Amino acid sequence: PGPVVLPVVHVRDTAQTLANLDTAFAASAPGAFLINHDFGVQAFLPLIRTARTAFPQAWIGVNFLAVTGRDAFAVLGRLAREGVRIDAYWADDARIDERASHQTEADAIQVARTASGWDGLYFGGTAFKKQRPVAPEHWQRAAALAAPYMDAVTTSGTATGEAAALDKITAFRVGAGARPLALASGVTPENAAHYAGVDAFLVATGINHPGDFYTIDPARLTALLEVSADLGRTP
């Protein structure tokens with residue numbers, strides 16, 4: 001019950017990745033995402049394989065930074081054929097264009113997803129940080145356009161660690177309709193209750209040790225999990 005808390009690990013090396021995943025799963029987080037802030041996709045892949053080997057039954061998703069699904073789904077398909085299960089893919093930019101009548105790029109990504117044979121969940125970034133700005137009056141339309149293309153419409157605040165405006169989440173909740181809504185920046189144990197209408201929290205900075213971009217603080221993660229569970233129990 002409550003928003004699903006999915007810790008995000010900013011990957012540096014094997015030991016740091018596995019230690020963070022161990023922290024996340026020891027706290028009973030239902031899953032975790034890995035993201036490659038510091039190097040490219042090819043250098044990231046061995047770490048993904050190692051993480052899957054170390055945690056064969058865990059729910060693990062990935063974000064290939066600055067790569068859209070048009071390229072990422074082919075990589076995910078290859079990993080699947082190698083026996084490396086990836087449960088979810090999160091793209092910062094799902095290429096939804098609220099200004100357009102036809103979603104040409106999102107359609108191409110959908111074709112790539114189907115062709116890849118990969119069958120995990122797609123978290124598609126929409127009106128997302130560090131991407132093309134979307135005017136507030138178009139937030140609801142952006143979410144509505146995104147919903148058919150992905151398993152979880154995913155948005156954020158204006159930057160890493162920045163909380164999303166509450167009116168943005170309200171607009172996205174309406175626009176996404178029955179489609180799950182994920183929030184991927186600025187969630188903390190202190191403010192999570194403001195986002196009760198969100199279905200998933202993808203969170204790094206808010207649960208890391210203060211000033212540490214790379215290491216989950218187990219106490220802060222546990223606190224966020226408790227807040228989320230309380231939200232699920234609230235009538």
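Source: prediction; values computed, not measured.
Grouping the Ile, Leu, Val, Met, Phe, Trp and Tyr side chains by contacts below 4.5 angstrom, directly or via other members, places Ile169 with Val153. Both Leu225 and Val9 are part of a single hydrophobic cluster, where members link through side-chain heavy atoms under 4.5 Å apart. By the criterion of side-chain heavy atoms lying less than 4.5 angstrom apart, applied directly or through intervening Ile, Leu, Val, Met, Phe, Trp or Tyr residues, Leu21 is grouped together with Val11 in one hydrophobic cluster. Both Val67 and Ile60 sit in one connected hydrophobic cluster of ILVMFWY residues. Membership requires side-chain heavy atoms under 4.5 Å apart, directly or through other members. Val4 and Leu221 end up in different hydrophobic clusters when Ile, Leu, Val, Met, Phe, Trp and Tyr side chains are linked at under 4.5 Å.
In this structure, Thr155 contributes its side chain and Ala127 its backbone to a donor-acceptor pair below 3.5 Å. Looking at Trp118, its side chain never comes within 3.5 Å of a backbone N or O of Ala80 through a donor-acceptor pair. With hydrogens and angles ignored, the 3.5 Å screen pairs a side-chain donor or acceptor of Thr170 with a backbone N or O of Leu166. Formation of a donor-acceptor pair under 3.5 Å by the Glu98 side chain with backbone atoms of Gln140 is not found in this model. With hydrogens and angles ignored, the 3.5 Å screen pairs a side-chain donor or acceptor of Asp199 with a backbone N or O of Leu181. In this structure a side-chain-to-backbone donor-acceptor pair under 3.5 Å is missing from Arg173 to Val198. In this structure, the side chain of Thr154 engages the main chain of Ala152 through a donor-acceptor pair within 3.5 Å. Between the side chain of Asn36 and the backbone N or O of Leu65, at least one donor-acceptor pair lies under 3.5 Å. Listed for the Ser185 side chain is a donor-acceptor partner under 3.5 Å among the backbone atoms of Glu162.
Annotation: side chain of Lys130 is not in contact with side chain of Asp92 (no heavy-atom distance under 4.5 Å). Proximity of Val62 to Leu76: side-chain heavy atoms (C-beta onward) are separated by under 4.5 Å at one or more points. When side chains are defined from C-beta on, Val5 counts as touching Val203, because their heavy atoms get closer than 4.5 Å.
Summarising the geometry, atom CE belonging to Met150 is positioned 9.0 Å from atom CZ belonging to Arg113; distances are rounded to the nearest 0.5 Å. Separation of atoms OG1 (Thr126) and CZ (Arg95) is listed at 11.5 Å; rounding is to 0.5 Å. The distance from the CG atom of Asn20 to the CD1 atom of Ile216 is 4.5 Å, given to the nearest 0.5 Å. Going from atom CG of Asp71 over to atom CD1 of Ile109 covers 9.0 Å, rounded to the nearest 0.5 Å. Taken to the nearest 0.5 Å, the NE2 atom of His37 stands 12.5 Å off from the CZ atom of Arg12. In this structure, Asn63 CG and Trp90 CH2 are separated by 5.0 Å, a value rounded to the nearest 0.5 Å.
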Practice task
Please step through salt bridge (Lys or Arg N to Asp or Glu O under 4.0 Å) for the pair Asp107 and Arg70, ending with a clear verdict.
Solution key: CA-CA 10 Å; Asp107 285 336; Arg70 191 165 185 173; over 6 Å; no

Handout entry: Candidate pair Ile207 and Asp217, rule side chain to side chain contact (heavy atoms under 4.5 Å, CB included), full reasoning
Key = CA-CA 6 Å; Ile207 57 168; Asp217 179 344; 6.0 Å; no

Practice task
Step by step, work out the side chain to side chain contact (heavy atoms under 4.5 Å, CB included) result for Gln110 and Glu105.
Solution key: CA-CA 9 Å; Gln110 189 171 56; Glu105 290 186 87; over 6 Å; no

Practice task
Report the C-alpha separation of Thr205 and Val187 in whole Å, then their side-chain angles, then the decisive distance to 0.1 Å, and conclude whether the side chain to side chain contact (heavy atoms under 4.5 Å, CB included) test is met.
Solution key: CA-CA 8 Å; Thr205 307; Val187 175; over 6 Å; no

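Phe123 meets the ring-ring contact (aromatic ring centres under 6.0 Å, His included) test with Phe33; sequence neighbours excluded. Under the rule for a ring-ring contact (aromatic ring centres under 6.0 Å, His included), the partners of Phe64 that lie at least two apart in sequence or sit in another chain are Phe44. For His138, the ring-ring contact (aromatic ring centres under 6.0 Å, His included) criterion is met by no residue, not counting sequence neighbours. Scanning for ring-ring contact (aromatic ring centres under 6.0 Å, His included) contacts around Phe55 gives Phe25, with sequence neighbours left out.
Annotation: ring-ring contact (aromatic ring centres under 6.0 Å, His included) contacts involving residues 174-195, sequence neighbours excluded, are absent. Under the ring-ring contact (aromatic ring centres under 6.0 Å, His included) criterion, no residue pair touches residues 147-166, with sequence neighbours excluded.
The pair Arg141-Asp97 does not count as a salt bridge, with every side-chain nitrogen at least 4.0 angstrom from each carboxylate oxygen. Note on Arg49 versus Glu82: salt bridge recorded, some NZ/NE/NH1/NH2 to OD/OE distance being below 4.0 Å. A salt bridge does not link Asp93 with Lys129: every distance from a Lys NZ or Arg NE/NH1/NH2 to an Asp or Glu carboxylate oxygen is 4.0 Å or more.
Counting heavy atoms of neighbouring residues, nucleotides and ligands inside a 6.0 Å radius, atom CD of Gln57 does not exceed 12 of them.
Side-chain atoms of Asp151 and Tyr89 include no donor-acceptor pair closer than 3.5 Å. For the residue pair Asp212/Thr215, the side-chain donor-acceptor check at 3.5 Å is satisfied.
Applying side-chain contact (heavy atoms from CB on, under 4.5 Å) to Ile86 and the options Leu121, Leu79, Leu34 leaves one that passes, Leu79.
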